[in-house]
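First comes the structure, then the notes that go with it.
Values below: every heavy atom of this structure, side chains too, minus hydrogens, waters and symmetry copies.
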Amino acid sequence: MIWSFLKVVLFVVIVAALALGAGYLAETGSGVRISVANTEYSLGPVQMVVAVLVAILILWLVMRLAGLIIATLRFINGDETALSRYFDRNRERKGFQALADGLMAIASGEGKVALSQAAKAERYLGRPELTNLIAAQAAEVAGDTRRATEVYKRLLADDRTRFVGVRGLMRQKLAEGDTETAMKLAEKAFALKPRQQDVQDTLLKLRAEKRDWKGAREVLGAKHKQGLLPRDVFRRRDAVLALQEAKEVFSDDAPIEVREAVIAANKQSPDLIPAAVLAARGYVQAGKPKYAARILRKSWEVKPHPDLAATFAAIVPDETPAARLKRFETLLSANPDHEESRLLRAELQIAAEDFPSARRALGDLAETRPTARSLAIMAAIARGEGHDDAVVRGWLARALTASRGPQWVCETCHNIQADWTPTCDNCGGFDTLSWRESPNAAAPLPNGAEMLPLIVGSPAQQDRAGDAGIGIDEAEILDEEVGQRR
């Protein structure tokens, strides 16, 4: 609004200045006399200014006419491009101006204007390798997918623009949800330009979604060779893909190559829990429990995890609680101060009915890091030590509203999964799951206190269970009950 007002004021000032200048010249100027062929012409100051402007215009027209005459003479003398060059220079100027206006319209989000300018540029320039690019992008901005597809297909005919056409069609198929065609186009684009990072990421994601782990490893290797991926990130993600590649064919009679692939994945990334678990199971099936224990202990040093403990227990499934506690010392000693080690030691002590030792092993975790698991362990210790039912219920009531502790959480969308997978089930992110506590893990359960009779039973029910010689494992019941409701 202010700028429009300033332009109007500026125009009025210029017109006024010209009028005043012309009036001043008319009153004070002496004029000019011109004699031509015994005829004398007297021009006033204003007439002189007009005459000069007219003379400049005539001179410009004469120069343009002279250029046309020269071009015509050259054409007559055999230069067949002389006239075309004369007219093409003007067309080229208009064409590139339309091209520039089209680019500005695309940047401004004006799809229809960009399409109009692209058509104008094509009419003046006749350069489809340039104008088709503008037309395709303009059609996308305008939301005309049909026209964009037609233009991208035209780009496939030119070697200089084939990659752009393939990539454009790939993006359209992804938007439409046609992942089969999109992956074929991504493979074609990758073959044309293997260093294009956007195509690499798209092809890697599509192959991972289609569970083509071998193909995904090829793309990952290309990214690493081209210096687009740090070595530690490459080793981690290659281990993830190697794990999945071996996991899908892993069985009791799996060939040695599959077992070696799993072991190699574990060596590349010891903190990859599923790789360590699968490699240990492979050694157990091969009759090499010592190698399995060594892998699990090494992984426990890096990152303790319940799955590692469960696999370590499966090495000798039929041992007594005391023997299991003794055997687990080799695992627990690898990272004794970690929270998972303390929780596991307390659980083993409870299984061996050594409740004072279980309380010492747990320490102050129930107060400093209260989770459903640590509080359930405290409830089991209280029951084992003979405390009143009110004390047991108190621990279980706190467990109902406590955090679930570490879980498999997506770093991108914070989705929680029960089991680890290479891609997030929610957002599809590759290698985004990590074992940590979710920001939403501490949300309390509704009416948690009212659920206690379902978990521990009423006092009368407990008395009847005691008379019948029936025991209740509060920790297992709590985990099952809370897990169902979460």
Side-chain angles (χ1 to χ4, degrees), residues 136-137 140 145 148-149 152 155-156 162-249 261-262 264-265 268-269 271-275 278 407-436 438:
Q137 295 180 30
E140 285 189 344
T145 56
T149 300
Y152 280 131
L155 291 173
L156 300 177
R162 182 173 292 119
F163 173 79
V164 178
V166 173
R167 183 170 176 265
L169 291 173
M170 176 195 73
R171 292 169 59 185
Q172 284 196 307
K173 294 301 179 182
L174 284 174
E176 295 171 4
D178 187 359
T179 55
E180 290 286 347
T181 307
M183 187 162 70
K184 293 179 181 178
L185 291 168
E187 291 171 349
K188 179 65 176 177
F190 182 70
L192 292 172
K193 285 192 176 182
R195 296 184 65 89
Q196 218 284 340
Q197 193 166 359
D198 178 61
V199 172
Q200 290 176 344
D201 295 338
T202 301
L203 183 57
L204 177 63
K205 181 179 179 181
L206 289 173
R207 283 181 170 175
E209 290 177 353
K210 296 296 181 182
R211 310 182 76 85
D212 181 9
W213 310 117
K214 184 177 180 181
R217 292 186 73 184
E218 292 177 357
V219 179
L220 196 70
K223 287 175 67 69
H224 177 59
K225 288 180 181 178
Q226 294 161 9
L228 302 176
L229 208 61
R231 181 174 178 81
D232 56 339
V233 177
F234 165 73
R235 289 173 64 88
R236 160 79 185 189
R237 294 185 177 177
D238 188 59
V240 170
L241 295 173
L243 169 65
Q244 290 304 114
E245 185 180 4
K247 190 175 183 179
E248 294 198 347
V249 295
V262 176
Q268 288 186 60
S269 187
D271 64 331
L272 187 58
I273 306 301
L278 201 59
Q407 301 174 84
W408 289 117
V409 181
C410 177
E411 298 289 350
T412 303
C413 66
H414 304 296
N415 178 51
I416 299 175
Q417 295 186 194
D419 300 314
W420 179 91
T421 55
T423 56
C424 175
D425 293 341
N426 183 49
C427 68
F430 177 72
D431 191 26
T432 58
L433 295 182
S434 63
W435 182 255
R436 63 179 179 85
S438 170

Identify the heavy atoms of [X] and [Y] that sit nearest to each other, and give their distance.
X	Y	result
Val166	Leu185	CG1-O, 3.2 Å
Val199	Gln196	N-OE1, 2.9 Å
Val409	Ser438	CG2-CB, 3.8 Å
Trp408	Ala418	CD1-O, 3.7 Å
Ala216	Leu204	O-CD1, 3.4 Å
Trp213	Ala208	CH2-O, 3.5 Å

Between [atom1] on residue [X] and [atom2] on residue [Y], distance to nearest 0.5 Å:
X	Y	atom1	atom2	result
Leu174	Leu169	CG	CG	11.0 Å
Gln417	Asp425	CD	CG	3.5 Å
Met183	Met170	CE	CE	13.0 Å
Gln407	Asp419	CD	CG	11.5 Å

Side chain to side chain donor-acceptor pair (under 3.5 Å) partners of residues 162-171, not counting sequence neighbours, each pair once: Asp159-Arg162, Arg167-Asp198

Within residues 219-229 or reaching into it, pairs that qualify as side chain to side chain donor-acceptor pair (under 3.5 Å) - sequence neighbours excluded: Gln200-Gln226, Asp201-Lys223

Report the residues that fulfil salt bridge (Lys or Arg N to Asp or Glu O under 4.0 Å) with [X], sequence neighbours left out, ordered by chain and then residue number.
X	answer
Lys210	Glu180
Glu187	Arg207
Lys188	none

Side chains of [X] and [Y] in contact at under 4.5 Å (non-hydrogen atoms):
X	Y	result
Tyr152	Glu140	yes
Leu206	Glu209	yes
Arg237	Leu229	yes

Could you list the donor-acceptor pairs under 3.5 angstrom formed by side chains in residues 426-434, with sequence neighbours left out?
from   : atom 1 : to     : atom 2 : distance (Å)
Asp431 : OD1    : Arg236 : NE     : 3.3
Asp431 : OD1    : Arg236 : NH2    : 3.3
Asp431 : OD2    : Arg236 : NE     : 3.4
Thr432 : OG1    : Gly429 : O      : 3.4
Ser434 : OG     : Glu411 : OE2    : 2.3

